[in-house]
Amino acid sequence: MADPIFRAPKGTHDILWPESARRRALTAVFADIVEGAGYTEVVPPMFEHVEVFHRLGDATDVVRKEMYDFLDKGGRHIALRPEQTASIVRAFSEHRPTVPWKAWYEGPNFRYERAQKGRFRQFDQVGVEALGPEDAHLDAEVIALAWLFYERLGLRRVTLMLNSLGGPLDRARYVEALRGHFSSDLDALSADSRTTLAVNPLRVLDSRRPEDADLVAAAPSMLDHLSDDAAAHFERVQAALDSLGIPYMIAPRLVRGLDYYVRTTFEFVAEAFDAAQNAIGGGGRYDGLAEEMGAPATPGVGFALGVDRTLMACDAEGVFDAPTTTVDVFVVDTTGGDQALSLTDELRRAGLRADRAWDARSMKAQMRAADRSGAALAVIVGEAELESGMVALRDMRGDAGQETIHRSSVIDTLLARLQ
RNA sequence: GUGGCCGUAGCUCAGUUCGGUUAGAGCACCUGGUUGUGGUCCAGGGGGUCGGGGGUUCAAAUCCCCUCGGUCACCCCA
């Protein structure tokens, strides 16, 4: 292939129509659902002081090796956001809105890592964050909203994985139990997992390396280490999901990559596509994060859904198709182009979606362009029509054929036909 | 950061094993067949420094080395 001079940087790509339109439609579906549930949009900056993201946990890969950071001209240490929860909670801490504060967002995130299927250096997420209430029903609400979103898209093969990490103290006790378990048979662990064990024992549960499988399967369960409070909260979340008719699988080994999670954690897995990255969304509770950002202690719960991966799942299930056209009418003018110029403008002013051909090409070439545009109707102006003050209106989709109408009635006719 | 696979027209690929006439196909695009009418069909046409660099050879898309890029997987995550 002849190499272009420039190409999109590693791990990034251009999204051309119609995929771009599909993404916009997906975001619109999401916005419709969450705004209708009382969530308001927040648009945080795409970069923050790097310390904001250090609150995600110094042991996480996101912070340790995937940060897209740089010094700006003022010497500030800046990082492109790897996710948006930290930014939203920072904004909460900065503006102190009254609680409950229910926010939603969409937009790109950045992580410096090697790209593969479903994993990019710039990727879009949509998500919600709800701060204030400690109510387990709020955990259920955000899960239900994500569930509704998948339903609206037409996705059917999504599994909700649910776990509880307990409170901070439960979590610490559990980490010790895990450390003990894995340390008892270090030789059986892969080298990578031994390294992980030293940094963050929870992460070992995530290992996909076959040699670790037995030891991971035999590991103690988080659910046996929950305090009474945490266990009660988890019970209430499950009861709420049950009453809402949302199916889930308890996943005691579901560990999420960010250290701020406590109590409820969840993940949405697409069963329909076989990539290694089959998690299309995830979230959980982060009751300590607001305090870490300098706000009064405020519980929070939320999720982020990967737009790219969700669309891949839609592809795998053959749902949520891309649009096939952007215009309804196409203007063909073989009299030099002045008619196309004025007619197209009139149609657009009347609210019609209209396009036209260029360069005064032949009737055949213009009709081909009309066909390709996907427009349902073509308005044709040739010499004969120009002289008689008429235009030809041709059905490009069905078999309604072609009729000749007065030019002055073209807008009314089109509006009626496209109704 | 580590490993596997792959780079030939805008796209999907053949040709590379056993180097050898002007490097091919389908799709897409343009023109014509149709002196006004697309989607089917027919004919013709434009478009490629065979990712880049170096080497071996009379001769390299084809063999060797380096490099860049893509992709998939690990790590980890959306």
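Quick note on labels: first sequence line is chain A, next is B, and so on, each numbered from 1.
In this structure, CD of E267(A) is placed 13 Å from P of C76(B), rounded to the nearest angstrom. Counting to the nearest Å, the P atom of C77(B) and the CZ atom of R121(A) are 18 Å from each other. The separation between K364(A) atom NZ and C41(B) atom P is 12 Å, rounded to whole Å. Rounding to whole angstrom units, NZ of residue K117(A) and C1' of A73(B) are separated by 12 Å. Rounded to whole Å, atom C1' of C77(B) lies 20 Å from atom CZ of R253(A). Q125(A) has its CD atom 10 Å from the C1' atom of C77(B), to the nearest Å. Atom OH of Y261(A) and atom P of C77(B) are 11 Å apart (whole Å). Rounded to whole angstrom, the span from the CG atom of D395(A) across to the P atom of U37(B) amounts to 18 Å.
The nucleotide A61(B) finds no pairing partner, because no Watson-Crick or G-U wobble arrangement with both distances shorter than 3.5 Å includes it. Partner assigned to A43(B) is U31(B), using Watson-Crick or G-U wobble distances below 3.5 angstrom. Remark: G1(B) base-pairs with C74(B). Criterion, Watson-Crick or G-U wobble with two distances under 3.5 Å.
Going from the C1' atom of C18(B) to that of C63(B) covers 12 Å, rounded to whole Å. For G7(B) and G52(B), the C1' atoms lie 11 Å apart once the distance is rounded to whole Å. When the C1' atom is used for both A60(B) and G55(B), the distance is 11 Å, rounded to whole Å. When the C1' atom is used for both U57(B) and G51(B), the distance is 23 Å, rounded to whole Å. On the C1' atoms, A43(B) is 24 Å away from G48(B), given to the nearest whole Å. The same atom, P, is picked in U67(B) and in G3(B); the two are 12 Å apart, to the nearest Å. For G39(B) and C29(B), the P atoms lie 10 Å apart once the distance is rounded to whole Å. Nucleotides G10(B) and G46(B) are separated by 13 Å at their C1' atoms, to the nearest Å.
Place L305(A) and T334(A) on RNA chain B by their nearest nucleotides, and T334(A) ends up nearer the 5' end. Each of V307(A) and G11(A) was assigned the nucleotide of RNA chain B with the nearest heavy atom; the assignment lying further toward the 5' end belongs to G11(A).
Classification of E403(A) and R417(A) as a salt-bridged pair holds, one side-chain N sitting under 4.0 Å from a carboxylate O. A salt bridge is absent between K10(A) and E113(A); no separation between the charged side-chain nitrogens and carboxylate oxygens falls under 4.0 Å. The residues D359(A) and R361(A) are annotated as not salt-bridged, no charged nitrogen and carboxylate oxygen being separated by less than 4.0 angstrom.
Within the nucleic acid shown, Q402(A) comes within 4.0 Å of at least one base atom, counting heavy atoms only. Heavy atoms of G281(A) sit under 4.0 angstrom from primed sugar atoms or phosphate atoms, though from no base atom. Heavy atoms of V126(A) sit nowhere under 4.0 angstrom from any nucleic acid atom. Residue I280(A) is classed as a sugar-phosphate contact, given heavy-atom separations below 4.0 Å to backbone atoms only. Across all strands shown, A370(A) has no heavy atoms under 4.0 Å from either base or sugar-phosphate atoms.
Closest to the side chain of R114(A), out of A78(B), C76(B), A73(B), is A73(B). Nearest nucleotide to the side chain of R203(A), out of G70(B), C76(B), U37(B): C76(B). For R309(A), the side-chain atoms get nearest to A78(B) when compared with the rest of U37(B), U2(B), A78(B). Side-chain proximity of F123(A) to G36(B), G39(B), A78(B): nearest is A78(B). The side chain of E385(A) lies closest to G36(B), out of C72(B), A78(B), G36(B). Across C76(B), G70(B), G38(B), the shortest atom-to-atom separation from the side chain of M367(A) is found for G38(B).
Put simply, the side chain of D371(A) and the base of G39(B) share no donor and acceptor less than 3.5 Å apart.
Under 3.5 Å, the side chains of H233(A) and D139(A) contain a donor-acceptor pair of N or O atoms. Between Y260(A) and E292(A), the side chains place no donor N or O within less than 3.5 Å of an acceptor N or O (distance only, hydrogens not considered). Side chain to side chain, E48(A) and S87(A) meet the donor-acceptor criterion of an N or O pair below 3.5 Å.
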If you look only at distance, which donor and acceptor atoms sit under 3.5 Å apart when one is on a side chain in residues 27-35 of chain A and the other is two or more places apart or in another chain?
residue, atom, partner, partner atom, Å
T27(A), OG1, R23(A), O, 3.1
E35(A), OE2, W104(A), NE1, 3.1

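Aromatic ring centres of F266(A) and F268(A): separated by under 6.0 Å.
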Protein-nucleotides 26-29 of chain B N/O pairs closer than 3.5 Å?
residue, atom, partner, partner atom, Å
C29(B), OP1, R372(A), NH1, 2.5

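Residue Q116(A) places at least one side-chain N or O closer than 4.0 Å to OP1 or OP2 of A73(B). Phosphate contact (OP1/OP2 of G70(B), side-chain N/O of K10(A), threshold under 4.0 Å): present.
Counting only distance, with no hydrogens or angles, the side chain of R173(A) and the backbone of H225(A) share a donor-acceptor pair below 3.5 Å.
For F110(A), the CZ atom is densely surrounded, since the number of other residues' heavy atoms within 6.0 Å is greater than 12.
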